[in-house]
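Reading through the structure tokens given below for one structure.
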Amino acid sequence: MSLPTPDPGFDAHSLRLVKAIADTGSITAAAAALGYSQPAVSQHLKALESRLGVPLVERVGRRVRLSEAGRVLARHAPTVTTALEAAAGELAELRGLKSGRVRLVGFPSASPTVVPRLLARLAETVAGVTVTYVEAEPPAAVEAVRDDRADIALTFSYPGDRDDPHRASAQGLSVREIAVEPMIAVLPATHPAAAHTTVDVASLASEDWIAGCPQCRGHLLELCDRAGFVPRITFETDNFVAVESLVAQGIGVATLPRLAVASFPALPGIVTVPLPATEQRTLHTVTAHGAERVPAVAAVLAAIAEVTAAVASGGDGPAN
């Protein structure tokens, strides 16, 4: 007697379709995101509802939203599709294949420093792997992996920060530390500390400060709190060029991680002085558990770790 074949009534393609409807809020937008026609998606959805015996979407005005059954499928979609891709990847590796598409999301200062070198490295070593890239700060990047909108998130965290994106927000995901990069003070060229080999944040307590992105601003507050003062923040921007331009005009001082400083040539009128070696930013990759078993993902993870460590340490990229 043969064993019964489990038939849940849906497959990985169906799960991706339901998840796309949840993400976009419409069948038309889901079809565009998946690269299918709207009629094809509608027909597949109707056939899927017929097999399952329950409605998966509810119409609300001109939009659709998932029913309770649809939300169940959408909730399990990332776990199931990642496991299936991992199984397919291991089989592909047995056949000696290493190809596929990997969706990468990373923070802004990685875009001009890490990502171009990463793509060049992959083109030389694993030409069958295609990488797509979207820029996002760590909280949004981690969420993209959780929602199956990205395979790998390149993220950062600061020591002692209360809002570390790799604590509660990354529960159930796989977080790998891949590199550390030094933090650097950005000062006007006429500043008394401009000629120093390092500068202690406490010595800048009386200065006006320029703060960066929300997470970087949080780190600045933590950093200054440990030094015994509250920074007088007079300007906030997450644009690295604007930070340096403001410093060059004497508006204030700032701290930036090395990758941000390495993103573009230093502007006239500023100097960059390292903070003490204990002040570093940690770089991570975040994936779903088991994603590293997919050969294409594993190849990109290895290349990211190699390239990022080199760039963050100053071994690759422009001098500052």
Side-chain angles (χ1 to χ4, degrees), residues 105-114 134-144 153-170 175 177 179-188 191 193 198-264 266-267 270-284 286 312 320:
V105 58
F107 53 89
S109 61
S111 299
T113 53
V114 173
V134 175
E135 189 176 278
E137 296 287 358
V142 172
E143 195 63 28
L154 178 58
T155 66
F156 62 82
S157 64
Y158 292 103
D161 282 358
R162 301 184 183 95
D163 190 25
D164 185 344
H166 308 95
R167 292 174 184 161
S169 64
V175 182
E177 181 179 319
V180 294
E181 60 173 323
M183 294 297 297
I184 296 172
V186 184
L187 309 173
H191 195 278
T198 62
V199 61
D200 195 307
V201 171
S203 68
L204 305 175
S206 63
E207 303 286 349
D208 290 334
W209 286 83
I210 301 161
C213 70
Q215 194 173 349
C216 298
R217 183 183 189 279
H219 172 254
L220 175 62
L221 294 174
E222 291 276 349
L223 182 65
C224 295
D225 181 63
R226 283 187 270 118
F229 70 97
V230 176
R232 188 170 58 250
I233 297 174
T234 59
F235 206 96
E236 296 185 37
T237 175
D238 56 4
N239 184 313
F240 308 136
V241 179
V243 170
E244 291 200 4
S245 296
L246 290 164
V247 173
Q249 295 301 316
I251 305 300
V253 300
T255 63
L256 289 175
R258 187 188 182 279
L259 289 186
V261 174
S263 297
F264 55 92
L267 298 180
I270 69 160
V271 294
T272 56
V273 183
L275 295 180
T278 52
E279 299 299 339
Q280 297 177 323
R281 184 169 78 164
T282 304
L283 306 181
H284 313 263
V286 181
N320 296 289

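The figures that follow rest on heavy atoms only: side chains count, while hydrogens, waters and symmetry mates do not. It should be emphasised that the depicted structure is a prediction, and the values quoted were computed from it without experimental measurement.
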With a 4.5 Å cut-off on side-chain heavy atoms, are [Y] and [X] touching?
{"X": "Q249", "Y": "E244", "value": "no"}
{"X": "S245", "Y": "L267", "value": "yes"}
{"X": "I233", "Y": "R217", "value": "yes"}
{"X": "T234", "Y": "W209", "value": "no"}
{"X": "V175", "Y": "T155", "value": "no"}
{"X": "H191", "Y": "E207", "value": "yes"}
{"X": "V105", "Y": "L154", "value": "no"}
{"X": "D238", "Y": "P108", "value": "no"}

If I take atom [atom1] from residue [X] and atom [atom2] from residue [Y], how far apart are they, to the nearest 0.5 angstrom?
{"X": "R232", "Y": "L204", "atom1": "CZ", "atom2": "CG", "value": "11.5 Å"}
{"X": "T278", "Y": "M183", "atom1": "OG1", "atom2": "CE", "value": "11.5 Å"}
{"X": "L275", "Y": "T255", "atom1": "CG", "atom2": "OG1", "value": "6.5 Å"}
{"X": "R258", "Y": "E181", "atom1": "CZ", "atom2": "CD", "value": "8.5 Å"}

Considering all heavy atoms, the nearest [X]-[Y] contact:
{"X": "F235", "Y": "L246", "value": "CD2-CD1, 3.2 Å"}
{"X": "S263", "Y": "S109", "value": "OG-O, 3.8 Å"}
{"X": "F156", "Y": "L283", "value": "CB-CD2, 3.7 Å"}
{"X": "F107", "Y": "E137", "value": "CB-OE1, 4.2 Å"}
{"X": "P188", "Y": "V271", "value": "O-CG2, 3.9 Å"}
{"X": "F229", "Y": "A202", "value": "CE2-CA, 4.0 Å"}

Assess the residue pair I210 and E236 against the criterion (side-chain contact (heavy atoms from CB on, under 4.5 Å)); give the C-alpha distance rounded to whole Å, side-chain angles, the decisive distance to 0.1 Å, and a yes or no. CA-CA 6 Å; I210 301 161; E236 296 185 37; over 6 Å; no
side-chain contact (heavy atoms from CB on, under 4.5 Å) for C216 and Y158? Distances and angles first, verdict last. CA-CA 8 Å; C216 298; Y158 292 103; 3.4 Å; yes
Please assess S157 against R281 for the test side-chain contact (heavy atoms from CB on, under 4.5 Å), listing each intermediate value before the final yes or no. CA-CA 6 Å; S157 64; R281 184 169 78 164; over 6 Å; no
Determine whether the side chains of S111 and E135 contain a donor N or O and an acceptor N or O closer than 3.5 Å.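 Checked: S111/E135 side chains pair up, N/O donor to acceptor below 3.5 Å.
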In sequence, state the C-alpha distance, the side-chain angles, and the governing distance for T272 and L256, and then conclude on side-chain contact (heavy atoms from CB on, under 4.5 Å). CA-CA 9 Å; T272 56; L256 289 175; over 6 Å; no
